[in-house]
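One structure below.
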Amino acid sequence: MKVGIQKSTSPGNSINTWSVQCGECFKWRVIPTQELYEEIRSRFIEDPFVCSKLPTVSCDEPGDIEYDNTRTWVIDKPNLPKTPPGFKKRLVLRKDYSKLDCYYDTPNGKKLRSTAEASRFLDKHPECKKDISPSDFSFFSPKIMEDTIPANVVKKI
DNA sequence: GCCACCGGTGGC
DNA sequence: GCCACCGGTGGC
């Protein structure tokens with residue numbers, strides 16, 4: 001079982017490519033939007049991804065991308081909650097590739113950095129509370145695959 | 001003054 | 001040892 005997301009050099013050092021591995025042919029398929037990626041991820045265990053789930057794709061088609069060091073890969077967790085409507089989830093890679101920071105931007109432009117902050121935000125905004133709970137946020141930060149970190153990255157000691 | 005970014009740590 | 005969490009700050 002694998003869920004993958006991927007970072008190549010991009011403005012803001014944010015994750016810019018979302019992909020999942022087919023459970024039957026093991027090829028990687030690029031998922032065009034974060035929203036669809038999160039939809040697939042949210043039910044990944046009970047509803048594993050296969051190529052045929054995508055329109056016009058089957059296991060006969062070549063994979064979209066390969067797991068290699070032409071880009072940096074990070075490994076996600078299955079069955080994380082979908083980002084609540086109106087919020088935007090961001091994963092930002094640190095310059096030294098040591099880790100990713102996870103943020104949610106709220107509908108009114110605030111930044112949330114932890115479940116505790118999300119809880120406090122919901123307390124302040126009771127109108128959100130009827131549809132959203134703290135468990136709808138996951139600040140899990142995907143693991144960076146060492147073998148895909150560019151050779152010229154300077155690691156801090 | 002803000003905020004993107006980083007460093008440190010407490011709890012597991 | 002890891003990582004969730006948050007304080008601090010440098011650059012704007």
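Lettering follows sequence order; numbering is per chain, from 1.
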Rounded interatomic separation in angstrom, taking CZ from A/F140 and C1' from C/dA4 = 12 Å

Joint hydrophobic cluster, A/I144 plus A/I15, side-chain heavy atoms closer than 4.5 Å | yes

If two hydrophobic side chains count as joined below 4.5 Å and joins carry through other members, does A/L36 share a cluster with A/F49?
-> yes

Could you go over nucleotides 9-12 of chain B and give all protein N or O partners under 3.5 Å, atom names and distances?
none

Please work out which of the three classes, parallel, tilted or perpendicular, describes the rings of A/F137 and A/F87, given edges at 30° and 60°.
-> perpendicular

Whole-Å distance separating the OH atom of A/Y104 from the C1' atom of C/dC5 | 15 Å

Heavy atoms, side chains only, cut-off 4.5 Å: are A/L91 and A/D101 in contact?
-> no

Protein-nucleotides 6-8 of chain C N/O pairs under 3.5 Å:
from  : atom 1 : to     : atom 2 : distance (Å)
C/dC6 : OP1    : A/R120 : NH2    : 3.1
C/dC6 : OP2    : A/S114 : OG     : 2.3
C/dG7 : N7     : A/R113 : NH1    : 3.4
C/dG7 : N7     : A/R113 : NH2    : 3.3
C/dG7 : O6     : A/R113 : NH1    : 2.5

What is the distance from NZ of A/K143 to C1' of C/dG1, rounded to the nearest Å?
-> 12 Å

Check whether A/W28 and A/M145 end up in the same hydrophobic cluster, where Ile, Leu, Val, Met, Phe, Trp and Tyr are linked by side-chain heavy atoms less than 4.5 Å apart.
-> yes

Would you confirm whether the ring centroid of A/Y67 sits within less than 6.0 angstrom of the ring centroid of A/W73?
-> yes

Whole-Å gap separating P (B/dA4) and CG (A/L91) | 15 Å

Are A/Y104 and A/F139 an aromatic pair by the rule of ring centers under 6.0 Å?
-> yes

Give A/K95 one of three labels, base, sugar-phosphate or nothing, depending on what nucleic acid heavy atoms sit under 4.0 Å from its own.
-> sugar-phosphate

Distance, rounded to the nearest Å, where A/L100 contributes CG and C/dC3 contributes C1' | 13 Å

Salt-bridge contact A/K111-A/D105 (side-chain N to carboxylate O under 4.0 Å) = no

